[in-house]
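Each ligand, and each atom within it, is numbered from 1 in the order the structure gives.
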Amino acid sequence: MQKLVLRNLRLTDGSLVDIAVSDGIVADVAPAGTLLPADSDTGTDYEGKTYVSSGWIDLHVHAFPEFDPYGDDIDEIGVNQGVAAIVDAGSCGADRIGELIASGERAATRLFAFLNVSRIGLSRIDELSRLEWIDPALAARAASEYPDSIVGFKARISRSVVGDSGLEPLWMARKLSDETGLPLMVHIGSGPPDIREIMALLSAGDVVTHCFHGKKNGLFDDSGQPIQALKDALARGVRLDIGHGTASFSFRTAEAAGRAGIRPHTISTDIYRGNRLNGPVYSLANVLTKFLHLGYSLEEVIASVTVRAASWLGKPELGQIRVGDPANLTLFSVEDKPATLIDSEGEERIAHTIIEPKGVVAGDKFIKCEVRA
Ligand code: ZN
Ligand code: ZN
């Protein structure tokens with residue numbers, strides 16, 4: 001029987017715990033020093049300097065490496081940077097979703113996916129510009145074929161993606177969502193379509209990604225106030241997701257949102273090869289550091305990639321550390337180190353505290369992070 005004992009890990013509420021993992025299952029979670037005698041040399045002693053949470057979940061990534069520019073390798077954007085589970089945000093439509101899911105099964109990172117309502121997915125970056133690429137029956141069949149992996153439908157509703165199709169792709173996505181019971185993740189950006197018309201079509205449980213982008217046609221007006229369509233959508237139960245990306249996160253918008261009391265439900269990267277290697281995204285930890293810098297508490301930042309993301313996925317067990325469940329942990333540290341943070345508009349902020357991923361415990365495997373924040 002293989003046993004892993006992790007001692008003196010810190011939770012985000014500040015308390016210290018020991019965690020024992022036996023054959024890939026959490027065998028015990030106890031106040032630090034109670035699981036083993038304090039002078040025991042069994043297991044690894046983190047001396048309260050390393051934090052632990054349930055495995056981080058990144059709700060918006062691009063994990064189909066064959067597509068360019070929006071593609072990357074699953075474990076590069078997953079466990080190698082402390083992320084135990086990723087949700088591919090519509091890289092593939094019905095034509096290639098089977099290949100994405102098969103590669104997820106070979107990876108150490110757990111993979112979920114939003115199915116692009118366009119059957120061709122991101123093989124082109126104007127995937128909704130021709131309505132014949134949207135085949136609702138084919139999409140519904142793919143979703144029912146992979147119920148454990150597909151968590152919703154993705155529709156990118158901005159000018160360069162929809163072209164002359166206008167709001168029609170979103171209407172088709174809405175109908176598909178209503179018929180299958182699966183929620184939508186909608187990407188927003190430059191218009192047309194008008195953001196107010198987009199928001200009006202979203203229902204409880206749907207997710208708006210790129211919520212703090214810095215372009216025109218956003219969720220905040222020129223004076224930084226939330227538009228009425230946003231307030232109405234939030235009241236209906238629509239969720240906000242960050243989806244930082246190359247072009248979709250602005251410190252100014254995030255600061256305006258903060259002043260207006262609008263906070264995202266989930267923090268995600270929209271990461272792929274280019275913005276991982278060259279910025280401004282780099283990693284989920286880098287995006288989390290940006291929110292610490294914006295004044296969010298560590299507890300809230302980590303909750304937004306653990307318990308909140310897990311509950312949105314309908315898998316609350318992935319957001320908990322519970323005896324009897326398969327081990328699903330992220331180890332990380334919070335370091336007092338200066339770092340220059342950069343948003344999608346090229347604006348910089350100097351942070352004094354950074355989040356650094358250390359490793360992921362997935363079942364009986366301990367995977368050390370290979371990249372820094
Ligand atoms: Zn997008
Ligand atoms: Zn994306």
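- Within the coordination shell of the Zn ion (ligand 1), defined by N, O or S atoms under 2.8 Å, His60 is absent.
- By the 6.0 Å and 45° rule, Arg96 does not stack over the aromatic ring of Phe64.
- Salt bridge annotation for Lys3-Asp28: absent, with no cationic side-chain nitrogen under 4.0 angstrom from a carboxylate oxygen.
- Taking the N/O/S atoms of His187 in turn, the shortest distance to the Zn ion (ligand 1) belongs to ND1.
- Checked against the Zn ion (ligand 2), the N, O or S atom of Asp270 at the shortest distance is OD1.
- Salt bridge absent: Arg236 and Asp232 never bring a charged side-chain N and a carboxylate O closer than 4.0 Å.
- Taking the ring centroids of Phe112 and Phe114, they lie at or beyond the 6.0 Å cut-off.
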